[in-house]
Amino acid sequence: MRIATWNVNSIRQRLDHAVRWLGEAAPDVVCLQEIKCQDEAFPREAFEALGYNVAVHGQKGFNGVALLSKLPLEDVTTGLPGDDGDVQSRFIEAVVSAKGTAVRICCLYLPNGNPPDTEKYPYKLGFMARLRALAAARLELEEPFILAGDFNVIPTEADAAVPEAWVNDALFLPPTRTAFRDLVNLGLTDAIRATSDSNRIYSFWDYQAGAWQRDLGIRIDHLLLSPQAADRLIAAGVDKHVRSWEKPSDHVPVWADFSIAA
DNA sequence: ATGACTCAGGAACTGAGA
């Protein structure tokens, strides 16, 4: 079973890329972020025609997340618990069952948090605290469980081509990195770091200033695995070439393969 | 030093992104 995450930066602008990438990568489950449309505007039929079930948690103009799955999506819930006042569409969760193995998948779009001296940064840290609480509760189930999405967190210096450029940024500030470590230290495994020692693995390159051409990327899209999911991890990777397509998203797909029969 | 692009919304620009 292949599970992937991709911030598409508008699903309507990226539909051709999404269809092309699904055809070559053949993921079983896809977590999409920044779909930037309401539920009714999501191009559901295009994905259903490719054999995917679709669950959408959209929002007008901004944010928005969705799940695509070749297996039925069960127990779909939307919204990250812990703050009834949070109206931004950044979280959708579901369970897929593959020949007796149930896999719980959370698709998340963690707040950017910039500028850090505004209310946006405490919102980000609050979201991370709520995410940690949810992960702690899910881990008690002792089942395959995956947090996948755009975390908007550069975990370490190794995850940025130019870490100095990010020292005052909400993606890399010490409280952000501490909160990410607190999450991982619950017992989660970073799929990319568990399968590769390579440097210069990135998932985002800014549109501006030739960041892509100079390979000035950052790694902010992650798959975090429960022990039961990590035990079944076979491989993980980043589909970097997608960033070279015409009019791309600024993020590329990140995926992990599991020894779970789909 | 700053901005550089790319989106949505809505019809010229602003806000958001990271």
Side-chain angles (χ1 to χ4, degrees), chain A residues 5-18 20-21 31-43 56-66 86-91 107-128 131 148-177 179-180 192 200-222 238 240 242-254:
Chain A
T5 178
W6 189 13
N7 179 322
V8 290
N9 186 17
S10 170
I11 192 60
R12 288 177 290 178
Q13 290 295 323
R14 224 64 63 201
L15 183 56
D16 289 349
H17 282 203
R20 179 178 173 185
W21 172 74
C31 301
L32 298 173
Q33 301 90 37
E34 278 208 272
I35 62 171
K36 290 188 172 178
C37 66
Q38 292 175 296
D39 292 7
E40 53 271 27
F42 189 89
V56 182
H57 182 41
Q59 177 182 339
K60 188 174 184 178
F62 306 105
N63 308 318
V65 289
D86 184 0
V87 297
Q88 300 188 31
S89 297
R90 297 179 174 275
F91 184 89
C107 167
L108 62 110
Y109 176 43
L110 210 147
N112 175 302
N114 283 306
D117 60 350
T118 67
E119 74 289 346
K120 294 185 177 195
Y121 193 54
Y123 173 59
K124 175 176 192 154
L125 294 179
F127 192 99
M128 295 184 81
L131 186 62
D150 177 359
F151 283 69
N152 271 315
V153 174
I154 303 168
T156 72
E157 290 191 354
D159 299 303
V162 188
E164 315 85 77
W166 299 94
V167 292
N168 294 316
D169 193 284
L171 279 63
F172 195 56
L173 282 171
T176 305
R177 296 161 65 186
F180 187 80
I192 290 290
R200 306 187 74 82
I201 301 175
Y202 309 126
S203 65
F204 168 92
W205 295 260
D206 200 285
Y207 287 123
Q208 303 184 67
W212 165 247
Q213 289 76 7
R214 296 191 285 159
D215 197 24
L216 302 184
I218 51 178
R219 193 176 72 94
I220 57 175
D221 301 271
H222 308 297
V238 173
K240 182 176 181 178
V242 173
R243 187 64 174 77
S244 70
W245 292 352
E246 187 177 357
K247 295 192 71 67
S249 171
D250 38 10
H251 298 249
V252 296
V254 183

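Since this is a predicted model, take the numbers as computed values, not measurements. So you know, we letter chains A, B, ... as the sequences are listed, proteins then strands, and number each from 1.
- Taking atom NZ of residue A:Lys60 and atom C1' of nucleotide B:dC7, one finds them 15 Å apart after rounding to whole Å.
- For the P atom pair drawn from B:dA12 and B:dG17, the interatomic distance equals 25 Å after rounding to whole Å.
- Look at CD on A:Glu246: it is 11 Å from P on B:dC7, rounded to the nearest Å.
- When the shell of 6.0 Å around CD of A:Gln38 is examined, it contains more than 12 heavy atoms from other residues, nucleotides or ligands.
- Base-pairing analysis of DNA chain B finds the following stems of at least three consecutive Watson-Crick or G-U pairs, with both pairing distances under 3.5 Å: B:5-9 with B:13-17.
- B:dA18 and B:dC7 have their P atoms separated by 13 Å, given to the nearest Å.
- Distances shown here put a side-chain N or O of A:Ser10 below 4.0 Å from the OP1 or OP2 atom of B:dA8.
- Residues forming a ring-ring contact (aromatic ring centres under 6.0 Å, His included) with A:Phe172 (at least two apart in sequence, or on another chain): none.
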For nucleotides 12-18 of chain B, 5' to 3', base contacts (B), sugar-phosphate-only contacts (S) and non-contacts (-) with protein non-hydrogen atoms under 4.0 Å give ----SBB
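- Between the CG atom of A:Leu216 and the P atom of B:dA4 there is a distance of 18 Å, rounded to whole Å.
- There is a side-chain donor-acceptor pair under 3.5 Å between A:Lys36 and A:Asn9.
- Using a 3.5 Å distance cut-off with no hydrogens or angles, the side chains of A:Tyr121 and A:Thr176 do pair a donor with an acceptor.
- A close approach under 4.0 Å does occur between a side-chain nitrogen or oxygen of A:Arg14 and OP1 or OP2 of B:dC7.
- Nearest-nucleotide mapping onto DNA chain B: of A:Arg12 and A:Ala209, the residue sitting toward the 5' end is A:Ala209.
- Taking atom P on both B:dT2 and B:dC13, the two are 24 Å apart, rounded to the nearest angstrom.
- Considering only residues two or more places apart in sequence or on other chains, A:Trp166 meets the ring-ring contact (aromatic ring centres under 6.0 Å, His included) condition with none of them.
- Shown here are the salt bridge (charged side-chain N to carboxylate O under 4.0 Å, His left out) partners of A:Asp150, two or more places apart in sequence or in another chain: there are none.
- Close to B:dC7, at under 4.0 Å from its OP1 or OP2, lies a side-chain N or O of A:Lys247.
- Under the rule for a ring-ring contact (aromatic ring centres under 6.0 Å, His included), A:Tyr202 has no partner lying at least two apart in sequence or in another chain.
- Rounded to whole Å, the separation between the C1' atoms of B:dA11 and B:dA1 comes to 33 Å.
- Note on A:Lys240 versus A:Asp215: salt bridge recorded, some NZ/NE/NH1/NH2 to OD/OE distance being below 4.0 Å.
- Taking atom C1' on both B:dT14 and B:dG10, the two are 11 Å apart, rounded to the nearest angstrom.
- A donor-acceptor pair shorter than 3.5 Å can be found between the side chains of A:Thr5 and A:Gln33.
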